[in-house]
Novice: 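Attaching a single structure in structure tokens format; questions to follow.
A, B, ... follow the sequence lines: proteins, then strands. Residue 1 opens every chain.
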Amino acid sequence: MKYFDEYRDKRLCQSIIERIKELTTEEINIMEVCGTHTMSIFRSGIKDLLPENIHLISGPGCPVCVTPISDINHIIALARMDRAIIATFGDMINVPGSSSSLKREKADGADVRVIYSPLQALEIAQEFPQKQIILVGIGFETTIPLLASVVLEAKKKAITNFYLLSLTKLMPPIIRALLQSQEVTIDGMLCPGHVSTIIGTKPYQFIPDCYHIACVIAGFEPIDILIAIYHLILQKIKGEPQVENKYRRAVREEGNLVALNLITQIFSTVDSEWRGIGIVADSGLDLKSEYSDLNARNFIVKVETTKENNQCRCGDVLRGVVTPLQCPLFQKLCTPENPVGACMVSSEGVCAAYYKYSSV
Amino acid sequence: MTDQIITIDYGSGGKLTNQLIRSLFLKYFNNPILNKLHDGAVLPPTNHRIAFSTDSYTVSPIFFKGGNIGHLAINGTINDIAMCGAIPKYLSVSLIIEEGTSMQILEQITCSMAEAANKTGIQIVTGDTKVVNKGDVDGIFINTTGIGYIDSGVHIHPGRAQINDAIIINGPIGNHGISILSSRENLQLEESVLSDTAPLADLVQEMLSITKEIHVLRDPTRGGLATALNEIAQSSQVEIEIEEENIPIEETVKDACKILGYDPLYLANEGKLIAFLPEQFAEEVVQKMKTSRYGKQAATIGRVITQGRSEVSLKTDIGGRRIVGMLSGEQLPRIC
């Protein structure tokens, strides 16, 4: 697939890096708010290639990492129900709740299945009509239309043993909450390509308008990311922050209207809890009342009280306040084999990226 | 026989077991040592050093694109013996079969095992069959144990990697991992990816014909290339550097990894080997490998850069550098 290779050209990468070096020696902080960006940056060794004055800070863009322990406990409680089958994306099975995880529950006999597409949950529901299939719906705007289409499909096919636990989150409200908190100095925001494919470019306009911060939407190949960094720095130097779309091959200004309509048809906006950040107004989605018969929140289950390791700094890592290296548990008590916090579990987690790819 | 299913009685040790051995296993595995149907195999004496290895195969699904559990069980143990630099000679095969398995499937798998063994000239000389209750295993589990002879002058083990050793691979990585995944999850990939399951014993002997100075051989199966290199770095206490642009990966595997969020360095292989050998022999060995069926895309992918510290790093294709750790748990599909 040549579509990727031209975005990994070594010479072009090096020439962009040279141009970045020529731009400024000023300290510049750029936040990437997408786990896929984080992993791409680490996998390609981009951090290693950038000049020392350019700091890349990872934000709350990994859907597994931002899911709070209370929600993990809730999923575990659902998994313990008789006749329940939990269908989930992979990384969620490893995330520790207060005293267990889905992997542990599976070993103890719970029926937990890793799926590759939300549609697989419906297939499981049809295969096991006597069971209650609960799809763990995590993700940002990229995943939400798929979840919505599965809900519609379940209705269309009159599948009555399928339920969705919507833990979905929205990107613009959390970016606003972060910028409002002013905990971290951010000069440029590297905006997520996948999410932008759905929501378009307009929802980020508040970033330059209200916070005077540069903003570039980028794809996930090394050249995509380097070009975005170059333009973020350029915007900062010129003092002319704006929303620039450098992922035109996938992102249109108005986004994907079909997907957006699907989302508003099925979901309504709710306040949502983010790990380490707390409740953020209007930052999550839940099923509309007309779909309440599919809402897994209606199961009455005993959810374990939330207990957190108070040394775990996942929350601070997600807000960009500290790097994983500043967490006292990193690489000691908290490793991918024995994760304390979600940032070490998820393949898109910041701590996992530092652990896997950095020589520390 | 082909429309029958395996019932629990076939594992009883009685008449039906005997019938299965005679009508199926002896038919395909036929050789003078096995045909004696002794409790164990009596092997002729040898002056060689002996390599000895065992492995169990529990792949799901048992048939996948490019192979089945039968090939895998034979090739896997052949390769484990070959990685000691040995010429594989004898194998045992032990089957644990789920009741209800069709006789036709068992025959297909048996036939594949015989074909795989014949390709390398290894003899299946002893075995065992158990049938367990429905649900106790997933179709068929196979254990194979093998014996091979090591020529004098060959000293291969994971603790022998040395500074300035070149690291060679015989072809593209990740095919088996993606093939299994696409068969298991019924992923509709643009082009199918075939498993690379293959016996590597002949290839190893061809490499050894250029130089016996091969320090390490390893087949990067589960955990992939990254994990195998880390194990060698630890055993030899060396720092290894590999170059992303030199690592062969098929485009279809690359694309599947992009979609699923997998790293090909951690995908399983069943027909690949990595070799550590002094740099001066690298080019000649690679050229020799390229003349062999299972080494056509052989390449030098890196080298040992320092001694005394165990680490694996990757020079990325854009010129960056990152650490390559061991696989931790299973690779899981991406979310967005």
Novice: With rounding to the nearest 0.5 angstrom, report the NZ to NZ distance, A/K10 to B/K315.
Specialist: 6.0 Å
Novice: Counting only heavy atoms closer than 4.5 Å, note whether A/E337 contacts chain B via side chain, backbone, both or neither.
Specialist: both
Novice: Please look at A/F220 and chain B and tell me whether the side chain, the backbone, both or neither of the residue comes under 4.5 angstrom of a heavy atom of that chain.
Specialist: neither
Novice: Can you confirm if the NZ or CZ of A/K356 lies within 45° of the ring axis of B/Y266 and under 6.0 Å from the centre of its six-membered ring?
Specialist: yes
Novice: Taking atom NZ of A/K47 as the centre, report whether more than 12 heavy atoms of other residues, nucleotides or ligands fall under 6.0 Å from it.
Specialist: yes
Novice: Checking heavy atoms, do the side chain of A/R11, its backbone, both or neither come under 4.5 Å from chain B?
Specialist: neither
Novice: Which atoms form the tightest heavy-atom contact between A/G45 and B/T316, and what is the distance?
Specialist: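 That would be N-CG2, 4.0 Å.
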Novice: Report yes if some heavy atom in the side chain of A/R43 is under 4.5 Å from a heavy atom in the side chain of B/E244; otherwise report no.
Specialist: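 No. Closest side-chain heavy atoms not under 4.5 Å.
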Novice: Closest approach of B/G319 and A/L49, non-hydrogen atoms and distance?
Specialist: O-CD2, 3.5 Å
Novice: Can you give me the closest heavy-atom contact between B/R322 and A/Y357, atom names plus distance?
Specialist: NH1-CE2, 3.2 Å
Novice: More than 12 heavy atoms of other residues, nucleotides or ligands under 6.0 Å from CZ of B/R184: is that the case?
Specialist: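 Enclosed: over 12 neighbouring heavy atoms sit under 6.0 Å from CZ of B/R184.
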Novice: Which bit of B/L265 is near chain A, if near means a heavy-atom gap under 4.5 Å: side chain, backbone, both or neither?
Specialist: neither
Novice: Atom CZ in B/R321, atom OG in A/S44: separation rounded to 0.5 Å?
Specialist: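 If I round to the nearest 0.5 Å, the distance is 15.0 Å.
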Novice: For the pair A/I223 and B/I318, evaluate side-chain contact (heavy atoms from CB on, under 4.5 Å) and give the outcome as yes or no after the intermediate values.
Specialist: CA-CA 9 Å; A/I223 288 177; B/I318 63 159; over 6 Å; no
Novice: Just checking A/E52: does its CD atom have more than 12 heavy atoms from other residues, nucleotides or ligands closer to it than 6.0 angstrom?
Specialist: no
Novice: Just give me the residue among A/D48, A/I17, A/L226 that pairs up with chain B most often, heavy atom to heavy atom, under 4.5 Å.
Specialist: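 Among the listed options, the one with the most contacts to chain B is A/D48.
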